[in-house]
Amino acid sequence: MSGAVSASLLLRLEVQDHFERYADTLDRGDFEAWPEFFSEACLYQVIPRENWDRGLPLAAIRCESRGMLRDRVTAIRSTMMYEPRYLRHLVSGVRVSGSGDETGALAARANYGVFETLVDEPTHILQTGYYEAELVRHGAALLFRRLSCVFDSVVVPNSLVYPI
Amino acid sequence: MSSASQTQRWPSEGVTRIPYWAYSDPALYRREQERIFERGWNYVALAAEIPREGDFKRSFVGEKSVVVTRDRRGAFHAFENRCAHRGVQFCRAPLGNSRKFTCPYHQWVYDLAGNLKGVPFERGVKGHGGMPAEFDKGQHGLRKLAVVERHGVIFASYQLDVEPLEVYLGPVMLEYFDRVFDGRALRVLGYSRQRTPANWKLMFENIKDPYHASLLHVFLVSFGLFRADQPSAVKMDPSGRHACLISRKGEQVQSEATRDMRNLRTDLELEDPRLLDPVREFPGDATVVMQTLWPNLIIQQQSNTLAMRQLVPLGPEAFRLDWTFFGYADDDDEMTRRRLRQANLMGPSGFVSCDDSEAMKMSQEGIRAAPDALGVVEMGGRETHDEDHMVTEVALRAFYRYYREVMDL
């Protein structure tokens, strides 16, 4: 195996690990740790595919900084009213395109499916879609500079409470 | 088919009680489709969604799918999305551009006004088959709806002799409608859709009920966006079918008036205040006007987030809410970003609206199991007239006064 191949594989594993730790953090409900996956200035959005494909900017959730991500966590924890639920993310097909531009950013894509379980109902699919991400290195860690969660399931089953 | 009124009687207390069968009875729901959604003006589209000739939008009037088009002369049309031949719902794209519509099943062809223009094998093949000689394509077009546009907003009606929109809305509702739709070109920012497992009337009631807003919505209350201690009003048209909740931004402080609002959080602070950075853009003092237009539209103006919320009933116990967020074509980039950030308050993940979609699901689950129980609607008294405060359920009572008339209940 050539050195170049193993470097790209290692990079993909590193990005995959970032996605998996991200998903696990959300599934465990550790929302306080969620903003730490992003750089200080960032764009996080959960956007219906019909908007994304037409170039329409409206997102269901839009955060333009770590502060805005934390404001979302505050809302989840202390202002929003919703019934209890569990989410479960499945992330697959992680792809890294390019080893980075002059700023060292990486572009990555991955598919996701998110199941939602409410109190007395069978588990249902909350969303299927894909992540389109830009990541930057910060010390030893990777951080999302942009993360767009583009969801195919444009009709939301009632509410979208937790981040994707 | 059994009529609800034969077996079910509205409680003698009148509009201060709502019987729970009204939210789940299938026969009543069928009658609502005929008596409510197939009469009057239903919102179907913004002109900005179909700006060019041949543009179309797949929309809904009640539970029926309709297609709204703009023809070569710029005129708008609406017709039912159901082939005149065998009933196929032929238009599947939410938006598009076309010179004609062809049903995929037997390829009957319609023009942009819904007229039948072509029937394959109409004269048969090699002397075989074909439609009867007297078959008149002019008699087999798509079912057409009346259409009206006002300041970029398109309404349609199955009732071809429906009154003019201005009369339908009445002067007070028209004034508030024109406050947002003042003739400026609109820009669509995007869509949000959700399916809520609750009767459609619960959605309409939610936006006619300012009582809950001061209590349920911690976010609104804490940041003073909508609160019972602020100068507010509930205005209606004479029939009671349309309404506006009007209010003004207040301060994040405790007072005598906020004592009962256990959810007022004076300690709540945004880490990134750009999330709520409203600028005044409409004349007058009001910073929020939520307008409900019978039977299927909520016009949302909360600070700088503007949206049409179109109600699509999906049976007695579910509805879809299709949100079209918009701004104005002359908004600068900063204004557009402001609208996009404030949209975090609304939609299925909204800091405010999520409370409502959750509350409606919980309402339906309580209501479903007790069809003979009654809801109590006495906040602010038993009357149905305009109020200059929001400690009232008056617009719900007025809504049900009109509803009972229309439904003969």
Side-chain angles (χ1 to χ4, degrees), chain A residues 35 40-85 116 118-121 124 126-127 149 151-164, chain B residues 94-95 187-198 216-223 263 265 267-276 307 318 320-326 336-337 339-362 365:
Chain A
E40 199 56 53
C42 60
L43 178 67
Y44 170 76
Q45 55 180 349
V46 183
I47 183 167
R49 184 164 173 181
E50 63 175 332
N51 293 352
W52 180 265
D53 286 352
R54 287 193 195 104
L56 296 172
L58 184 98
I61 301 177
R62 178 187 176 91
C63 302
E64 298 180 10
S65 65
R66 241 189 211 178
M68 240 183 253
L69 293 163
R70 288 197 202 99
D71 289 333
R72 180 56 73 170
V73 175
T74 304
I76 290 168
R77 290 290 190 221
S78 61
T79 79
M80 287 160 80
M81 190 286 288
Y82 52 89
E83 62 178 308
R85 65 199 61 216
E116 182 177 63
L118 304 175
V119 180
D120 8 306
E121 294 177 29
H124 61 253
L126 178 65
Q127 284 197 348
C149 314
F151 60 101
D152 304 330
S153 337
V154 294
V155 180
V156 174
N158 205 29
S159 308
L160 188 59
V161 177
Y162 297 147
I164 297 297
Chain B
L95 291 162
R187 179 197 294 166
V188 174
L189 297 178
Y191 301 93
S192 201
R193 303 179 200 279
Q194 65 191 127
R195 182 188 187 282
T196 294
L216 170 63
H217 299 309
V218 183
F219 195 89
L220 276 190
V221 170
S222 297
F223 292 108
N263 281 331
R265 294 271 311 269
D267 59 327
L268 208 58
E269 258 183 77
L270 291 175
E271 282 205 37
D272 191 336
R274 292 177 302 165
L275 192 58
L276 265 188
R320 203 176 70 238
L321 198 60
D322 288 344
W323 308 58
T324 306
F325 287 80
F326 62 92
T336 298
R337 272 195 298 275
R339 296 195 199 286
L340 294 174
R341 286 182 204 124
Q342 290 182 14
N344 276 301
L345 273 61
M346 301 299 174
S349 318
F351 292 143
V352 178
S353 300
C354 180
D355 299 342
D356 291 322
S357 47
E358 290 292 293
M360 283 184 278
K361 176 173 187 278
M362 291 155 74
E365 286 169 0

Exercise. Can you see which heavy atom on Met80(A) is nearest to which on Gly350(B), and at what distance?
Key: CE-O, 4.0 Å

Self-check item: Side-chain donor/acceptor of Ser192(B) to backbone N/O of Ala60(A), under 3.5 Å
Solution: no

Practice problem: Mind checking the CG-CZ spacing from Leu270(B) to Arg72(A)? Nearest 0.5 Å is all I need. | Solution: 11.5 Å

Quiz prompt | Max heavy-atom pair count under 4.5 Å with chain B, selected residue of Thr79(A), Ile61(A), Val46(A) | solution = Thr79(A)

Quiz item: If you count heavy-atom pairs under 4.5 Å between each of Ala75(A), Ala59(A), Ser78(A) and chain B, which one has the most?
Solution: Ser78(A)

Quiz prompt | Side-chain donor or acceptor of Asn158(A) paired with backbone N/O of Ser357(B) under 3.5 Å | solution = yes

Quiz item: Side chain, backbone, both or neither: which part of Pro57(A) has an atom under 4.5 Å from a heavy atom of chain B?
Solution: both

Quiz item: If you measure from CZ on Arg274(B) to SG on Cys63(A), what distance do you get to the nearest 0.5 Å?
Solution: 10.5 Å

Exercise. Mind checking the OG1-CZ spacing from Thr74(A) to Phe219(B)? Nearest 0.5 Å is all I need.
Key: 9.5 Å

Practice problem: Check whether Arg85(A) gets within reach of chain B through its side chain, its backbone, both or neither, counting any heavy atom under 4.5 Å. | Solution: side chain

Quiz item: Does any heavy atom of chain B fall under 4.5 Å from the side chain of Glu64(A), the backbone, both, or neither of them?
Solution: both

Quiz item: Taking 4.0 angstrom as the limit, do Lys361(B) and Glu83(A) come out as a salt bridge?
Solution: yes

Quiz item: Is it the side chain or the backbone of Arg66(A) that comes within 4.5 Å of chain B heavy atoms, both, or neither?
Solution: neither

Quiz item: Considering only heavy atoms, which portion of Ala359(B) lies under 4.5 Å from any heavy atom of chain A: side chain, backbone, both, or neither?
Solution: both

Quiz item: Once you round to the nearest 0.5 Å, how far does CE of Met68(A) lie from CZ of Arg341(B)?
Solution: 5.5 Å

Practice problem: Report the option among Asn344(B), Val352(B), Val188(B) that has the most heavy-atom pairs separated by less than 4.5 Å from atoms of chain A. | Solution: Asn344(B)

Quiz prompt | Structural part of Phe351(B) lying under 4.5 Å from a heavy atom of chain A | solution = both

Quiz item: Looking at side-chain heavy atoms only, is the closest gap between Pro94(B) and Arg54(A) below 4.5 Å?
Solution: yes

Exercise. Would you mind checking which part of Gln342(B) comes under 4.5 Å of any heavy atom in chain A, side chain (CB onward), backbone (N, CA, C, O), both or neither?
Key: neither

Quiz prompt | Test item: Asp272(B) side-chain N/O and Asp71(A) main-chain N/O as donor-acceptor pair under 3.5 Å | solution = no

Exercise. Taking all heavy atoms of Gly67(A) and all of Glu271(B), pick out the closest pair and write down the distance.
Key: O-CB, 3.6 Å

Quiz item: So which of Ile76(A), Leu160(A), Val161(A) actually passes side-chain contact (heavy atoms from CB on, under 4.5 Å) with Cys354(B)?
Solution: Val161(A)

Quiz item: chain A heavy atoms under 4.5 Å from Met362(B): which part of the residue, side chain, backbone, both or neither?
Solution: side chain

Quiz prompt | Portion of Arg320(B) that has a non-hydrogen atom of chain A nearer than 4.5 angstrom | solution = side chain

Quiz item: Taking atom OH of Tyr191(B) and atom CD1 of Ile47(A), what is their separation to the nearest 0.5 Å?
Solution: 13.0 Å

Quiz item: Measuring from Arg339(B):CZ to Leu58(A):CG, what's the distance to the nearest 0.5 Å?
Solution: 12.0 Å

Quiz item: chain B heavy atoms under 4.5 Å from Ile164(A): which part of the residue, side chain, backbone, both or neither?
Solution: neither

